[in-house]
Each structure stands twice: as C-alpha cells, then as structure tokens.
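Right, one structure below, let's go through it.
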Amino acid sequence: QKEVEQNSGPLSVPEGAIASLNCTYSDRVSQSFFWYRQYSGKSPELIMSIYSNGDKEDGRFTAQLNKASQYVSLLIRDSQPSDSATYLCAVILNQFYFGTGTSLTVIP
Amino acid sequence: DAGVIQSPRHEVTEMGQEVTLRCKPISGHNSLFWYRQTMMRGLELLIYFNNNVPIDDSGMPEDRFSAKMPNASFSTLKIQPSEPRDSAVYFCASSLAVSRVGIQYFGAGTRLSVL
C-alpha cells in the first residue's frame, strides 16, 4: 500500500454542487494532514490543514478527518468553475508525502 | 516577499549533459524541499534541507542527482549526466520551520526536457 492514496479521477461536478475528494493514508500515527490545490501548469498551493478528528471549515471548503478509519476528505460547497484543478492530499508520516492527486472539473 | 524563486523556468538539454536547477527560498524560511513531478509518479520528494543541512535524501533517485544548500538563500539540484527519463517538472518549496513542514510554499517550477 502506498503511503497516501487518492482516486485520480477525473471527478466532474456541475456548478453549484458539492465536490467530495477523498484520501486514505497508511499510518495511524499520522497527526498532520493537508490539502493542496494545483491548477494546470502551476505549482501546488496550500488550501487547508487539519490536525484533529472532525471537521474544519474555511469558507466553501471543509476538511474532514477520521483517524480511526485513516481517511481525510475535502468538501467543496457551491463548486465554481474556478475550482477546477488537481487536489493533492499530503500527510506527515516518517516524512512528508503527497498523494497523486484528484483532478476536479466543475462544469458551468 | 517575492516568494520562492526558481530558475530556469524551462530547460531543454541533450542526454548526457549536466543540468543545474536553482532555488531561492522565502527569506526567513529554514526548511527547503526539492520535488519532481511527472504524470506517472505524481509529486515525489527528492531531498529536504533544514538550516542548510540535508535531512532526508532518500528520494534522490540515484547518484546522478545531487543537491546542495551553501547558504540560507540558495540551493541547487544537479543532474549529471542527464537522461531522457529525468524529464519532469522540478519544484522547490520552502517552509518556515521543521514544526511547520506541512505548510510549504512552492516555486513556479522548472520544466526539464532531456532529449
């Protein structure tokens, strides 16, 4: 099993819908989790971090962490075409690991 | 602040040539990372420096790759000799401290093509 796994997609949602992105990780000891967004041809940028079980909300974005099940998810409410990008999950294990990313397309 | 600065933005070279990629981290950041991104393998951590000292180079693919950080404001990633399979986008990123390693700021990347 890879350290961090994501469904590569592509995931397509209509404008205004909720986009749900999921990530699983291999080590129960992990304490810190991050979501990065990468537009096509650009570099990754941090959009959310989460350290505790439960939900963390920031505007239209909600990160959800379930350590017992070893998954972290990102919900994007009221999806906009400008949210179309690849979303990378990242986890601190013995080092810092990125997942391979999920490509999201929001259809106007 | 100008952010993380990488140069060159694009590099085209022939197999067997030496390639040097450069990075200037954000001023005051103590940790610096080099990544390689390809469609097949995603974003891979190559090496990680803290306070100019290499901490983890387990991701460096082979001896053809080397990285240095002679001071807090400059790092290089060198490939010698280069091979076509080294073609990728190479990113440099920096973070404020080891305790903030998950919060990284990326440069614009260097797109390397080895013919």
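Note: hydrogens, waters and symmetry copies are ignored here, and every other heavy atom, side chains too, is used. A, B, ... follow the sequence lines: proteins, then strands. Residue 1 opens every chain.
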Give the minimum heavy-atom separation between A:Leu88 and A:Gly99, together with the two atoms involved.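 Closest approach of A:Leu88 to A:Gly99, heavy atoms only: CD2-O, 3.5 Å.
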Write out all chain A-chain B donor-acceptor pairs shorter than 3.5 Å, or none if the list is empty.
residue : atom : partner  : partner atom : Å
A:Tyr36 : OH   : B:Gly102 : O            : 2.6
A:Tyr36 : OH   : B:Gln104 : N            : 2.9
A:Gln38 : OE1  : B:Gln37  : NE2          : 2.9
A:Gln38 : NE2  : B:Gln37  : OE1          : 2.9
A:Ser43 : OG   : B:Gly107 : O            : 3.2
A:Gln95 : NE2  : B:Asp56  : OD2          : 3.1
A:Gln95 : NE2  : B:Ser58  : OG           : 3.4

Rounded to the nearest 0.5 Å, what's the gap from CG on A:Asp55 to CD1 on A:Ile50? Could you check?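 Here the interatomic distance stands at 6.5 Å.
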Which pairs, with at least one residue in [range] and sequence neighbours excluded, count as a salt bridge (Lys or Arg N to Asp or Glu O under 4.0 Å)?
range: residues 94-108 of chain A; value: none
range: residues 70-88 of chain A; value: A:Glu57-A:Arg77, A:Arg60-A:Asp83
range: residues 10-21 of chain A; value: none

Among A:Gly41, A:Pro44, A:Ala90, which has the most heavy-atom pairs under 4.5 Å with chain B?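 The residue among A:Gly41, A:Pro44, A:Ala90 with the greatest pair count is A:Pro44.
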Under a 4.5 Å heavy-atom cut-off, does chain B meet the side chain of A:Phe96, its backbone, both or neither?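 When you check distances to chain B, atoms from both the backbone and side chain of A:Phe96 fall under 4.5 Å.
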With clusters defined by side-chain heavy atoms of hydrophobic residues (ILVMFWY) lying less than 4.5 Å apart, directly or transitively, does A:Ile47 cluster with A:Val91?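 In one cluster: yes.
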Would you say B:Leu46 and B:Phe33 are hydrophobically clustered, going by side-chain heavy atoms of ILVMFWY under 4.5 Å?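 Hydrophobic grouping puts B:Leu46 apart from B:Phe33.
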